[in-house]
Amino acid sequence: MKGHFPIERMQSVETPFYYYDTELLRKTLRSINDEVSKHDNFMVHYAIKANANPKILNIICQAGLGADCVSGGEIQACINAGFSPRKIVYAGVGKSDWEIRLALQKNILCLNVESLAELEVIEEIAAEMGCTARIALRINPDVGAHTHAKITTGLAENKFGIAMEDMESIIERASEMEHVVFTGLHFHIGSQILNMGDFAALCNRINNLQNFLDRRRVKVENINVGGGLGIDYTHPNRVPIPDFKGYFDTYARFLHLRPGQKLHFELGRAVVAQCGTLITRTLYVKQGTAKQFVIVDAGMSDLIRPALYQAYHKIENISSDKAMMTYDVVGPICESSDVFGKAVDLNLTRRGDLIAIRSAGAYGEIMASHYNCRKIPQGYITEDL
Ligand SMILES: *Cc1c(COP(=O)(O)O)cnc(C)c1O
């Protein structure tokens, strides 16, 4: 089965473009809210970096989610979309002074601090501005995730966060600072994680850290476990909404929260990936010496995930219902890695056919570039077409 696309209305739109199914996005958000409401003190912040299209942000904001930012530009983008600063958290290994100033000036919920050097700069800037910074420490839990090497973030070898053995001394430093309030611990182990055991392993690690801090009478108000829940790239029609119940229940079961503690999540991909599709037009069908190529007008500048992470995206010819054939689907860019899929089964394809590259709502449009002096693709939601 193919996805349901307004093909007639798509014919007049300039390709390539992103198409977002807002009905699916709203259903996904309802599923998140239904599950979250079953647990006391759970709060979800949408990770803006997955997709910052203003129309998408607006729908997510209206569903009541908070926001997770990794740059000053993202803080600005989500405030413009209507997110309350009191629901914004901000992480990043390299925060510039202007970004710290912006976060403090907007009085966001929390800065997730990734080093002692950064903590000292935040104290200095907050003192200058005459305000107080609410901070959490991002701890590197040295927990592996069964995912692509380029998207693991919680291993000792990764650049992110503060080593566990430095946690206590940095909390102590923070407690001596006049313009910084320590409010919690932050973690994020990676992305596209489908094995709930990885999240359970993070819970065990956090339990141990909490026991250690309890013994030292350190009070932790907030635990933020980051994001990382994966989606089913192979079956976007059969599994359009991730298993949020399994995900939140894993944390409810394995993480031992202290009375009054709040648990924060930062989901990106799981919120937006399945509602987005890259629509591209077939330029040529070319018979190579060994195989047939479908050459489309989208390239790695529009969707870089296959080239960057060897990521799989389901590809469909939404203009044809003829017999299935096998093609390599490639873009026009001058790089051998500009390939969307090898040995893809598509209905017999001709010049002009529209091709849908599925599950492209996360880390798609937002990562588009001008490489080869190409245009950035437009993003349309259901209501636009
Ligand atoms: C990227 C990122 C996320 C979101 O990751 P997903 O895999 O898209 O859920 C959450 N928190 C932090 C700190 C991140 O860098």
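These values consider heavy atoms only, across backbone and side chains, with no hydrogens, waters or symmetry-generated copies. The shown structure was predicted, so the numbers you read here are calculated from the model rather than taken from an experiment. Order of listing sets the numbers, starting from 1, for every ligand and every atom in it.
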From the options K286, K342, K291, select the one residue that forms a salt bridge (charged side-chain N to carboxylate O under 4.0 Å, His left out) with D328. K291
So which protein residues pack against ligand 1 under 4.0 Å, heavy atoms counted? A47, K49, D68, R138, H186, H188, S191, G227, G228, E266, L267, G268, R269, Y363
Gap between atom CG of L24 and atom SG of C275 - 0.5 Å precision: 6.0 Å
Just to verify, which of H45, R138, E266, H264 counts as forming a side chain to side chain donor-acceptor pair (under 3.5 Å) with N224? E266
Is a salt bridge present between D34 and K245, judged by a nitrogen-to-oxygen distance below 4.0 Å? no
Q76 CD to E99 CD distance, which is reported to the nearest 0.5 Å: 11.5 Å
Using the test side chain to side chain donor-acceptor pair (under 3.5 Å), find all partners of S301 that sit at least two apart in sequence or belong to another chain. R374
